[in-house]
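Scope of the values below: all heavy atoms of this structure, side chains included, with no hydrogens, waters or symmetry mates. First the proteins, then the strands, lettered A, B, ... as listed; each starts at 1. Nothing here was measured: the structure is a model prediction, and the numbers come from that model.
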Amino acid sequence: MTRYDPATIETKWQQAWDAAGIFRAQRDESRPKYYVLEMFPYPSGRIHMGHVRNYTLGDVIARYKLAKGFNVLHPMGWDAFGMPAENAAMAQGGHPADWTYRNIAEMKAQMKPMGWSLDWSRELATCDPEYYGQQQALFLDMLEEGLVYRKNAVVNWDPVDMTVLANEQVIDGRGWRSGAEVERRELTQWFFKISDYSEELLAALDRLDDWPAKVKLMQANWIGRSRGLQFAFGLTEEAHGHDRVEVYTTRPDTLMGASFVGISPDHPLARALEKDDPEIAAFCAEVRKGGTTEEALETAEKRGMDTGLRVRHPFDTSWELPVWIANFILMDYGTGAIFGCPAHDQRDLDFARKYGLPVASTYEPVEITGDYASPEEGGSAYVPAKDVAVRYVRRIAGDEVQTGNDGVDAAIAFCEGHGVGRGVTKYRLRDWGLSRQRYWGCPIPVVHCPECGVVPERKENLPVELPRDVSFDIPGNPLDRHEGFLSCACPACGGDARRETDTMDTFVDSSWYFTRFTAPRADTPTVAEDVAYWMNVDQYVGGIEHAILHLLYSRFFARAMQRTGHLPEAAIEPFDALFTQGMVTHAIYQSRNKSGRAVYHYPEEVELRDGGAWLRADGREVEVVPSAKMSKSKNNVVDPVNIVRDYGADTARWFVMSDSPPERDVEWTASGAEAAAKHLARVFRIAAEAAELPDGTGAGDAALRREVARTVDGVTRDIESFGFNAAIARLYALTSALQRSDAGGTARREAARTMAQLMAPVTPHIAEELWAMLGGEGLCATAPWPVADPALLVEDEVTLPIQVNGKRRSEITVPKDMDKAGIEALVRADEAVLRTLDGAEIRKLIVVPGRIVNVVA
RNA sequence: GCCGGUGUGGCGGAAUGGUAGACGCAGGGGAUUCAAAAUCCCCCGUCCGAAAGGGCAUGUCGGUUCGAGUCCGACCACCGGUACCA
């Protein structure tokens, strides 16, 4: 009898699949298609367990759908532009393109042995001119449609390196290389008009039935529709051509509690004041220090400066409020100006207390209890949910007692009626800034002409290719100093012009790659017949970290591509179903060096025994930090290549699918991987034994066939519902049942063959080997998925637990179709029930058919 | 800060509002063996009890229900996102 030898059989069957071409997708209008896609990887050079999990998850679905008879598209490519390539060029020399393509080759070599059912003939890399040239064509079409424009926006500016920094490169407000305090600086940048689709992107979420509710909720909150009042406070005297300050508020019902007007340091009025008031200029410069992230802005200490200007309250012209410049007001949202109502906004209250501004409640709880302290008396801001009824003490409209929602509606109607502003709907979603001042990205195909201004490049001149001869020894974008790239002819007048040096955000690359996979070599972005046949993606699989940006941008792009004629109407929601998987984690092993700093040890360097961890080298005990995201900096990584070398790909695949539900994080443990390997060897042994038995019947034939039918039914349902860990638990159970069975050779071989099929999506290599050994015809991968005989699934008896007052005290086994009266009679006579009741009267008897009985005394 | 999520034995986890701990790991006992490896069988939340049986137990506190890991409210801890990481 042969032994389980993964190294040999995995290579053998991968070659067999290749030779048969079963994963090469071809358009075939006569067959139903199924498009499975996992989020494509960044080519870092090494695959990690997160990739193994992500691509195995998708592979299980792809292989299952193939067995179900679908024409499956399961492609793979590379999200190949981005900062790490430039960082590598800066750190080690060399060219980002060489680094990237080398990494792609290395990663592909690591991915192939995993046995994923990928159609490599459709491979694409976003850094390839074949890809980004088509992206430039899309950009030009979007420009023509009015979906692209330029405006000023703030970036992180490193004043020492004289360069723009990514948020990631700003650490505690300082540049990662120079250590200089980062400033926020405005640049003219390119934008996609995603805000044109705010309402549409929000409303269409309702139709995404097979998306996780949490992702839809996060996107809805991100888009952030609000209804409020936009109106102006008149300045008591004109300043720099401004006679009013326009504000937006979602709480116009608190207008009588207004304390001050706040404007952003980037507000036009602040900009104007700054010009001839050195004190204001100094303040604005100070608060513009630090990074641009919302987190940095929101958590920064709240600071303000009184401009000395005053405005009049719209409903009481004798009431004047001061105008402050405040660092927590964002120019990007609303009008860049607010009125502060300290009684009902904690941030405004902190600000008011810090600067001695008045606090006045507009409403109070309907029932004032002892633990309510009003904001005036030193309590915190009173901020009840908008659907809670409150008592208005400074009211502009509506009832004395009403909900916040009613108060807002009444206030808007009242204000509009009195000519004070208008009710408006606003969205938090901002236009998508796509400009990057970097080399390794898709060049924006426009030209700056001294005569004609900004001119789109002609399509016949695409791709606008990145020049090869660049260096990264000076900070900043090498395109800015590359004369050969910069100088060009104006596409409109033919005169001397300068090429745009900004490249595109890498989110642009990943916003349409799923459509490009349907015709990856075409000389147009998409081909009508191919997108019509293959789109939508039936199942998209990726990390929850992409819940908002990547998925929202892709939804926008699908709409933009539809508008520019590159996608059919039916594909404007490109992902029919979405699944978000969890991370792969691993314990961190750390010790301290002499100066007390943490030193991280690789799992291979550590021996686990007696519930502790010791270094193999010198026997020192190390600290174990459980379940941290695998990260190179913490050395808690397990290289899939080593796992495949030691145990084979099937073991790695089985393990990542077995222990945790796929949407949750999974902890990689060495013992778990070993257990998976042992199990596969056991399955192999049991199947090989069955293969050698003579044909014949046995006492356990019927029982085994029932067990197989139950497993087929359960595994199929589990796969359909992403319960892969539950499916694997059933396969463990079937293995034990088969081992213990006293069925004859015929039934055992049948059972083993079906088990091989059920395992095939997860562990395809061993499945093929067993399938062949047990006399299966053709490839297991393409054999029709097994179907359970319904007659074998019927149970004729059922065991009902009996609770007394909610606690389990007994159980009875009854025929499946026994009526309630019959069950009640048995329960009333049950010895354990009578003993527990101890003479107490039964007040109520609840029988849930097929589930449980509860006796209430 | 804001938005979203997660929390169950020593560990990973199972459980349409219906027997909490399936399945697996680790651990304990046994069989086989000259011995070991491999393999097979049994036990395994915790406390009280000889046992039968009973108490406690799903992050914390409260609520709804005949019945709550599951639903609701408040809180704690951790994770993801926060628009230039991908």
Side-chain angles (χ1 to χ4, degrees), chain A residues 39 41-42 44 79 81-84 155-156 164-170 194 212-215 217-222 224 291-300 302 328 332 346-347 428-438 505-507 510 543-550 552-553 580 582-583 585 608 611 626-629 658-661 663-669 671-672 674-676 678-679 681-682 685 723 725-726 728-733 736 739-740 799-803 805-811 832 835 843-846 848 850-857:
Chain A
M39 292 178 185
Y42 180 79
S44 62
D79 190 11
F81 273 136
M83 292 201 306
V155 294
N156 301 304
V164 177
L165 298 179
N167 288 333
E168 185 186 58
Q169 297 171 320
V170 179
I194 191 173
K214 64 180 170 187
V215 173
L217 186 56
M218 280 190 260
Q219 291 212 354
N221 289 339
W222 186 262
T292 55
T293 65
E294 190 186 301
E295 185 189 6
L297 298 173
E298 288 282 332
T299 54
K302 308 296 173 276
F328 58 86
D332 285 323
Q346 190 60 43
R347 195 170 55 183
R428 204 186 76 102
L429 180 65
R430 307 200 296 258
D431 276 334
W432 172 9
L434 70 117
S435 287
R436 296 294 179 270
Q437 292 71 42
R438 270 179 258 290
D505 178 6
T506 55
F507 272 123
S510 55
I544 185 68
E545 65 272 21
H546 295 294
I548 297 173
L549 293 180
H550 162 59
L552 191 62
Y553 290 156
T580 54
M583 296 179 300
T585 63
L608 298 175
S627 295
K629 179 178 178 172
S658 68
D659 255 21
S660 278
E663 67 275 15
R664 287 244 287 264
D665 293 352
V666 63
E667 168 101 359
W668 180 275
T669 59
S671 59
E674 203 165 311
K678 274 189 194 175
H679 177 73
R682 180 175 174 227
R685 204 167 48 243
N725 55 323
I728 283 178
R730 290 183 203 277
L731 289 168
Y732 271 112
S736 294
Q739 173 158 13
R740 288 168 207 188
T799 299
L800 297 178
I802 304 173
Q803 297 182 332
N805 292 329
K807 286 194 188 263
R808 183 190 168 281
R809 298 295 179 184
S810 183
E811 64 180 35
R835 187 172 60 232
R843 288 197 291 130
K844 203 168 169 188
L845 207 124
I846 297 153
V848 185
R851 303 297 306 195
I852 203 168
V853 179
N854 195 5
V855 181
V856 185

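Here the side chain of R740(A) is nearest to one of C42(B), A86(B), C85(B), namely C42(B). For E298(A), the listed nucleotide lying nearest its side chain is G1(B); candidates were C40(B), G1(B), A86(B). In this structure, the nucleotide among C25(B), A83(B), G80(B) sitting nearest to the side chain of A675(A) is C25(B). Comparing A83(B), G55(B), C66(B) by their closest approach to the side chain of K844(A) singles out C66(B). Nearest nucleotide to the N167(A) side chain, out of G4(B), C85(B), C42(B): C85(B). Each of C40(B), G4(B), C85(B) was ranked by its minimum atom distance to the side chain of N221(A); first place goes to G4(B). Of the candidate nucleotides U82(B), C85(B), G80(B), U82(B) has the atom lying nearest to any side-chain atom of W222(A). Taking every side-chain heavy atom of M218(A) into account, G80(B) is the closest of G80(B), U39(B), G67(B). For L429(A), the side-chain atoms get nearest to A83(B) when compared with the rest of A83(B), G13(B), G1(B). If you check C23(B), G18(B), G4(B) against the side chain of N854(A), the one that comes closest is G18(B).
Under 4.0 angstrom from either OP1 or OP2 of C56(B) there lies at least one side-chain N or O belonging to K807(A). OP1 or OP2 of G54(B) lies within a sub-4.0 Å distance of a side-chain N or O belonging to R809(A). Checking the phosphate oxygens (OP1, OP2) of C40(B), a side-chain nitrogen or oxygen of R685(A) falls inside 4.0 Å. Dashed line: the shortest gap from a side-chain N or O of N725(A) to OP1 or OP2 of C23(B) is not under 4.0 Å. Under 4.0 angstrom from either OP1 or OP2 of G18(B) there lies no side-chain N or O belonging to Q803(A). Taking 4.0 angstrom as the limit, T506(A) places a side-chain polar atom (N or O) nearer than this to OP1 or OP2 of A86(B). Residue R682(A) places at least one side-chain N or O under 4.0 Å from the OP1 or OP2 atom of C40(B).
Expressed to the nearest 0.5 Å, how far CZ of R835(A) lies from CZ of R809(A) amounts to 9.5 Å. With rounding to the nearest 0.5 Å, the separation of OG1 in T580(A) from CD in E663(A) is 7.5 Å. For the atom pair OG (S510(A)) and CG (D505(A)), the distance works out to 8.0 Å, reported to the nearest 0.5 Å. Atom CD in Q346(A) sits 11.0 Å away from atom NZ in K302(A) (nearest 0.5 Å).
Pairing for U58(B) is absent, judged as Watson-Crick or G-U wobble with the two contacts each under 3.5 Å. Of the nucleotides present, none pairs with A86(B) by Watson-Crick or G-U wobble criteria with both distances under 3.5 Å. For A31(B), the paired base is U39(B) (Watson-Crick or G-U wobble, both distances below 3.5 Å). A14(B) is unpaired under the criterion used here, namely a Watson-Crick or G-U wobble arrangement in which both key atom distances are under 3.5 Å. The partner of G53(B), taking Watson-Crick or G-U wobble pairs whose two distances both stay under 3.5 Å, is C48(B).
Residue T799(A) is out of contact with every strand shown, counting any heavy-atom pair closer than 4.0 Å. Across all strands shown, V855(A) has no heavy atoms under 4.0 Å from either base or sugar-phosphate atoms. Contacts of H546(A) with the nucleic acid, taken as non-hydrogen atoms under 4.0 Å apart, include base atoms. Using a 4.0 Å heavy-atom distance criterion, T299(A) is classed as a base contact. Note on V164(A): a base of the nucleic acid sits closer than 4.0 angstrom, heavy atoms only. Residue contacts shown for F507(A) include a base, since a base heavy atom lies under 4.0 Å away. G224(A) comes within 4.0 angstrom of nothing in the nucleic acid, heavy atoms only. Across all strands, Q169(A) comes closer than 4.0 Å to no nucleic acid atom at all (heavy-atom distances). Looking at heavy-atom distances under 4.0 Å, L217(A) makes contact with sugar-phosphate atoms alone, never a base.
With both ends at atom P, the span from A26(B) to A20(B) equals 29 Å, rounded to whole Å. The gap from the C1' atom of G62(B) to that of C76(B) amounts to 15 Å, rounded to the nearest Å. Between G55(B) and C72(B), the distance separating the two C1' atoms is 29 Å to the nearest Å. Look at the C1' atom in both C44(B) and G28(B): the space between them is 8 Å, to the nearest Å. G7(B) and A14(B): their P atoms are spaced 9 Å apart (whole Å). The same atom, P, is picked in G21(B) and in A74(B); the two are 32 Å apart, to the nearest Å.
Atom pair Q219(A):CD and A83(B):C1' shows a separation of 13 Å (rounding to whole Å applied). Whole-Å rounding puts the R730(A) CZ to A22(B) P distance at 15 Å. For the pair L549(A) CG and A83(B) P, the computed distance is 8 Å after rounding to whole Å. For Q346(A) and C2(B), the CD to P distance is 10 Å, given to the nearest whole Å. For L845(A) and G67(B), the CG to C1' distance is 13 Å, given to the nearest whole Å. Separating the CZ atom of R428(A) from the P atom of C3(B) is a distance of 10 Å, rounded to the nearest angstrom. In this structure, N805(A) atom CG and G67(B) atom P are separated by 9 Å, rounded to whole Å. One can place CD1 of I544(A) at 12 Å from P of G4(B), the figure rounded to the nearest angstrom.
Annotated as syn: G9(B), whose O4'-C1'-N torsion sits within 90° of 0.
Between Y732(A) and H679(A), the angle of the ring planes lies from 30° to 60°, which puts this pair in the tilted group.
Between E294(A) and R428(A) a salt bridge is recorded (basic side-chain N to carboxylate O distance below 4.0 Å).
Map A729(A) and K214(A) each onto its nearest nucleotide of RNA chain B; the residue landing nearer the 5' end is K214(A). Mapping R808(A) and L165(A) onto RNA chain B via the closest heavy atom, the residue that lands nearer the 5' end is R808(A).
Between the side chain of N156(A) and the backbone N or O of G291(A), no donor-acceptor pair lies under 3.5 Å. Of the possible polar contacts, one joining the D431(A) side chain to the I194(A) backbone as a donor-acceptor pair under 3.5 Å is found.
Shortest non-hydrogen contact noted between A547(A) and M218(A) is CB-CE, 3.8 Å.
The side chain to side chain contact (heavy atoms under 4.5 Å, CB included) search around S435(A) returns Q189(A), W190(A), Q437(A), I444(A), D502(A), not counting sequence neighbours.
You'll find a donor-acceptor pair under 3.5 Å spanning the side chain of E294(A) and the base of G1(B), going by distance alone.
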